[in-house]
Trainee: 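Let me begin by handing over the structure; questions about it come next.
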Number of protein chains: 2
Amino acid sequence: MSANSRLTIAAHTLAWIGLYQRQGHDVATSEQIATSANTNPVVIRRLLGELRKAGLVESRRGVGAGWSLTRELESITLLDVYDAVEPGPLFAMHRATPDQGCVVGYGIRPAMQHIYGGIEETLRAELARVTMEDVLLDVLAVPR
Amino acid sequence: MSANSRLTIAAHTLAWIGLYQRQGHDVATSEQIATSANTNPVVIRRLLGELRKAGLVESRRGVGAGWSLTRELESITLLDVYDAVEPGPLFAMHRATPDQGCVVGYGIRPAMQHIYGGIEETLRAELARVTMEDVLLDVLAVPR
DNA sequence: TTATGTCGTAACAATTACAGTTACGACCAC
DNA sequence: GTGGTCGTAACTGTAATTGTTACGACATAA
């Protein structure tokens, strides 16, 4: 699979902001988060823009600007993040329409869509079981 | 996600061969399968090569050559196919190493790997619940 | 032995997605 | 105003996937 790192970076971002706010800070900048994630601030701003669309964060502009959470980490699940930053389905269908004159070519797409649907439901349920609080606790539990 | 169609095309291929053999034929050619899937025979041969490595099919060469199943469809699960044709993990880590001086940057990778590990296990269990026989029955059940 | 049809595989092109980067206007606290 | 940050467009580099051409290897049958 040509897996991407969007969910990982988004989780990193939210965990970073959550911890930062617990340390008493008001807002976090994309610059700070990008340094932690070792990437470019624009990459972080793009992801944060999608998280904002999903209502998970908000941003302030001007001097002293930055990002803050709109919800507690406990109430944000990986499914929320996944839905916010992952566009498409897990498995793709044929690029070109299969031969509709062939029994298999005719039935394969609805059949696979049905099967994939069930599998994605299970994946979503599993993602929903993990909160960003769980992620942060896991992060902090890693021995140094 | 930049989802690919490998699992879909591989399932199509196995279902096609399985049905063809039930109709009394000995071997199927990549040409026939490619026509049904509306793609290039080389694409099918490449996938079949990986399925052969996994022991799911075998090939004959020479005149009257082609492909046949080594197992019944009932005993091939989508997990077998997935493992045969999908190389990497579902979710990727950061491209560049996060800042190891930052608490989050230090702990995020092991934490996410742990979480992703559990999720992938669930996905695998779900894929293992579906056999290629189920797929073919679903295909044949689609109303015309 | 030769002709034929298919596999096996390398090589390359086309397309797409992702991530990184630069640039610059918009915005707002001071 | 000044300065720092967001918001976003535009472009590049890289990699994966898929499609395509080409051709040797192989085995069967005439």
Side-chain angles (χ1 to χ4, degrees), chain A residues 1-10 12-13 17 20 25-53 57-68 85-98, chain B residues 1-10 12-13 17 20 25-53 57-68 82 84-98:
Chain A
M1 193 86 71
S2 61
N4 64 44
S5 61
R6 301 161 78 86
L7 183 58
T8 302
I9 305 292
H12 185 145
T13 297
I17 300 176
Y20 196 59
H25 299 94
D26 207 17
V27 297
T29 69
S30 60
E31 175 80 35
Q32 294 170 313
I33 301 165
T35 298
S36 170
N38 193 8
T39 181
N40 192 291
V42 175
V43 173
I44 301 297
R45 290 206 287 272
R46 279 201 288 238
L47 280 173
L48 278 168
E50 301 182 75
L51 296 175
R52 180 180 45 207
K53 272 188 225 158
V57 299
E58 59 192 6
S59 63
R60 253 193 262 157
R61 304 180 70 166
V63 172
W67 304 81
S68 51
V85 303
E86 291 287 0
L90 211 49
F91 302 111
M93 287 295 128
H94 310 64
R95 273 205 190 169
T97 308
Chain B
M1 189 86 71
S2 61
N4 64 45
S5 61
R6 300 161 78 88
L7 184 58
T8 302
I9 305 292
H12 185 147
T13 298
I17 301 176
Y20 197 59
H25 300 95
D26 207 16
V27 296
T29 70
S30 60
E31 176 80 35
Q32 294 170 311
I33 302 165
T35 298
S36 169
N38 192 9
T39 181
N40 193 291
V42 175
V43 173
I44 300 297
R45 290 206 288 272
R46 280 201 288 239
L47 279 172
L48 279 167
E50 301 181 75
L51 295 175
R52 180 179 47 207
K53 273 189 223 156
V57 299
E58 62 193 3
S59 63
R60 252 192 262 159
R61 304 179 68 166
V63 172
W67 303 82
S68 51
Y82 179 83
V85 303
E86 291 287 358
L90 210 48
F91 301 111
M93 287 296 130
H94 308 64
R95 273 204 188 169
T97 308

Trainee: Is any side-chain N or O of B:Thr29 closer than 4.0 Å to OP1 or OP2 of C:dG5?
Mentor: no
Trainee: Please find the pair of heavy atoms, one from A:Asn38 and one from B:Pro98, that lie closest to each other, and give the distance.
Mentor: CB-CA, 4.0 Å
Trainee: Determine whether any donor atom in the side chain of A:Arg61 lies under 3.5 Å from an acceptor atom in the base of C:dA26, or the reverse, and answer yes or no.
Mentor: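 Side chain to base: pair found, below 3.5 Å.
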Trainee: Measure across B:Leu47 and B:Ala10 and return the closest heavy-atom pair with its distance rounded to 0.1 Å.
Mentor: CD1-N, 4.1 Å
Trainee: Mapping B:Arg46 and B:Arg52 to their closest nucleotides on DNA chain C, which lands nearer the 5' end?
Mentor: B:Arg52
Trainee: What is the distance, rounded to the nearest whole Å, between atom NE2 of A:His94 and atom C1' of D:dT18?
Mentor: 13 Å
Trainee: Can you tell me the distance, in whole Å, between the CD atom of B:Glu50 and the P atom of C:dC7?
Mentor: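 Atom-to-atom, B:Glu50 to C:dC7, this comes out as 16 Å.
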Trainee: Please work out if A:Gly66 contacts a base, only the sugar-phosphate, or nothing of the nucleic acid, heavy-atom cut-off 4.0 Å.
Mentor: sugar-phosphate
Trainee: Would you mind reading off the distance between B:Leu47 atom CG and D:dT17 atom P, rounded to a whole angstrom?
Mentor: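 Nearest whole value for this atom pair: 11 Å.
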Trainee: I'd like to know if the side chain of B:Ser36 reaches the main chain of B:Gln32, judged simply by a donor and an acceptor atom lying under 3.5 Å from each other, with no hydrogens or angles considered.
Mentor: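 Pair absent, no side-chain N/O of B:Ser36 close to backbone of B:Gln32.
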Trainee: Measure from the side chain of A:Arg95, starting at C-beta and using heavy atoms only, and say which of D:dT8, D:dT17, C:dA19 lies closest.
Mentor: D:dT17
Trainee: Could you check which of D:dG4, C:dG20, D:dT18 has an atom nearest any side-chain atom of A:Val63?
Mentor: D:dG4
Trainee: Examine the base of D:dG4 for any acceptor or donor lying under 3.5 Å from a partner atom in the side chain of A:Arg60, and report the outcome as yes or no.
Mentor: no
Trainee: CZ of B:Arg6 versus P of D:dT18: gap in Å, rounded?
Mentor: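 Distance, rounded to whole Å: 6 Å.
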Trainee: Could you tell me the separation between the CG atom of A:Leu48 and the P atom of D:dC6, rounded to a whole number of Å?
Mentor: 9 Å
Trainee: What verdict does the side-chain contact (heavy atoms from CB on, under 4.5 Å) test give for B:Leu90 and A:Leu90, after you've listed the backbone C-alpha separation in whole Å, the side-chain angles of each residue and the deciding distance to 0.1 Å?
Mentor: CA-CA 9 Å; B:Leu90 210 48; A:Leu90 211 49; 4.1 Å; yes
Trainee: In this structure, how many angstroms lie between the C1' atom of D:dT5 and the CG atom of A:Asp26, rounded?
Mentor: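 Computing the A:Asp26:CG to D:dT5:C1' distance gives 14 Å.
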Trainee: What I want to check is whether an N or O donor and acceptor connect the side chain of B:Arg45 with the base of C:dT9 at under 3.5 Å.
Mentor: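 Indeed, a donor on one side and an acceptor on the other fall under 3.5 Å apart.
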Trainee: Measuring to OP1 and OP2 of D:dG7, would you say a side-chain N or O of A:Ser59 lies under 4.0 angstrom away?
Mentor: yes
Trainee: Which nucleotide sits closest to the side chain of B:Val42: C:dA10, D:dT18, C:dC7?
Mentor: C:dA10
Trainee: Grab the CD1-P distance between B:Ile33 and D:dT18 for me, whole Å please.
Mentor: 17 Å
Trainee: Rounded to the Å, how far apart are A:Asn40 CG and D:dG7 C1'?
Mentor: 14 Å
Trainee: If you define the side chain from C-beta out and look only at heavy atoms, does anything of B:Ser5 sit under 4.5 Å from A:His94?
Mentor: no
Trainee: Is any side-chain nitrogen or oxygen of A:Thr39 closer than 4.0 Å to OP1 or OP2 of C:dG20?
Mentor: yes
